[in-house]
Amino acid sequence: MKPLYFYFFLFLFFYFYPVPTVSYAVYEVSATTTANNATDFIRTSCYATLYPDVCYSSLSRYSNAIQRDPARLARAAIGVTLSKARNLAVYVSSISREADYGGDPRASAAVHDCFSNMGDAVDEIRGSLKQMRMTVGPGSESFRFQMGNVQTWMSAALTDEETCTDGLEDVAEGRLKTEVLKRAAKVKKFTSNALALVNSYVEKGTM
């Protein structure tokens with residue numbers, strides 16, 4: 001028979017150092033499952049876009065905020081696109097002076113036109129994001145009207161970006177033209193993807 005102090009110390013050990021319960025494990029599994037569901041939702045939704053790899057890689061980092069909400073997904077896609085379009089507009093603005101002193105009037109005019117187009121695109125994408133933040137729930141006439149605005153503005157932004165690159169087609173080959181076209185091509189992918197996710201959300205919301 002063990003002495004009484006043995007049972008006393010045994011009591012103290014379990015009182016102050018409780019055995020982890022199953023709830024901790026359940027919580028961890030639940031959190032992991034939720035995260036996996038969110039990323040799977042984003043991956044599946046991105047199949048509706050023309051550039052699913054670009055879509056998933058740019059939006060999966062926001063899975064905790066997006067969860068399985070198509071409205072949040074579309075809003076996040078527009079937000080990412082706005083950031084990319086702004087960066088391109090800043091870049092084109094920075095090289096416009098270089099184009100002015102490059103000795104090629106056609107290149108200078110094309111770069112200035114591109115900057116104007118990108119400025120319009122940024123305004124349209126910003127308007128789309130603002131409208132998305134104010135959009136009511138699916139199924140109502142207000143929803144159709146508001147999302148119609150978003151679709152129109154995102155389509156216009158894509159058109160402006162394409163106008164920018166089209167204007168550079170007749171410019172002589174060189175570093176300036178190559179760099180603008182390369183950066184603009186990336187922005188157009190983001191804009192196209194965002195528009196596709198908006199269209200998918202509208203389709204689901206009006207069924």
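- Expressed to the nearest 0.5 Å, how far NZ of Lys84 lies from CD of Glu161 amounts to 13.0 Å.
- In this view, Asn117 satisfies the side chain to side chain donor-acceptor pair (under 3.5 Å) rule with no residue, not counting sequence neighbours.
- At least one donor-acceptor pair closer than 3.5 Å links the side chain of Thr81 to the backbone N or O of Ala77.
- The side chain to side chain donor-acceptor pair (under 3.5 Å) search around Asp160 returns none, not counting sequence neighbours.
- Annotation: the span from Ser60 atom OG to Asp40 atom CG amounts to 11.5 Å, rounded to 0.5 Å.
- We find that Arg183 and Glu179 are joined by a salt bridge, their nearest charged nitrogen and carboxylate oxygen being less than 4.0 Å apart.
- The backbone N or O of Tyr91 sits less than 3.5 Å from a side-chain atom of Ser94, completing a donor-acceptor pair.
- Put simply, Leu168 and Val92 are part of the same group of oily side chains (I, L, V, M, F, W, Y) that touch within less than 4.5 Å, one to the next.
- Side-chain contact between Leu88 and Val122: absent, with no pair of heavy atoms (C-beta onward) separated by less than 4.5 Å.
- Under the 3.5 Å distance criterion, the side-chain polar atoms of Lys177 are left unmatched by any main-chain donor or acceptor of Asp170.
- Looking only at side-chain heavy atoms (C-beta outward), Cys164 and Asp113 stay at 4.5 Å or farther from each other.
- Nearest approach of Cys46 to Pro52, heavy atoms of both residues: O-CB, 3.3 Å.
- With sequence neighbours excluded, no residue satisfies salt bridge (Lys or Arg N to Asp or Glu O under 4.0 Å) with Arg133.
- A distance of 12.0 Å separates NZ in Lys204 from CG in Asn199, rounded to the nearest 0.5 Å.
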Which is it for Asp120 and Thr163 under the side-chain contact (heavy atoms from CB on, under 4.5 Å) test, yes or no, and what are the steps along the way? CA-CA 11 Å; Asp120 291 340; Thr163 301; over 6 Å; no
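- At least one side-chain heavy atom of Cys114 sits under 4.5 Å from a side-chain heavy atom of Val180.
- Legend: residues meeting salt bridge (Lys or Arg N to Asp or Glu O under 4.0 Å) with Arg61, ordered by chain and number and at least two apart, are absent.
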Solution key, residues 124-132 side-chain donor-acceptor pairs under 3.5 Å, sequence neighbours excluded:
residue : atom : partner : partner atom : Å
Glu124  : OE1  : Ala157  : N            : 3.1
Arg126  : NH1  : Asp123  : OD1          : 2.9
Ser128  : OG   : Glu124  : O            : 3.0
Gln131  : OE1  : Asn149  : ND2          : 3.1

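- Annotation: the span from Thr165 atom OG1 to Lys182 atom NZ amounts to 15.5 Å, rounded to 0.5 Å.
- Minimum heavy-atom separation, Met154 to Ala194: CE-CB, 3.8 Å.
- In terms of heavy-atom proximity, Gly167 sits nearest to Ala110 at O-CB, 3.4 Å.
- Listed by chain and number, the hydrophobic cluster partners of Val80 are Phe41, Ile42, Leu50, Tyr51, Val54, Tyr56, Leu59, Tyr62, Ile66, Leu73, Phe190, Leu197, where partners are ILVMFWY side chains within reach of under 4.5 Å, directly or through others.
- No side-chain heavy atom of Phe115 sits less than 4.5 Å from a side-chain heavy atom of Ser96.
- Put simply, the side chain of Thr191 gets close to the backbone of Val187: a donor and an acceptor are under 3.5 Å apart.
- There is a path of hydrophobic side-chain contacts, each under 4.5 Å, that joins Leu195 to Met147.
- Judged purely by atom type and a 3.5 angstrom limit, Gln146 uses its side chain to pair as donor or acceptor with the backbone of Val136.
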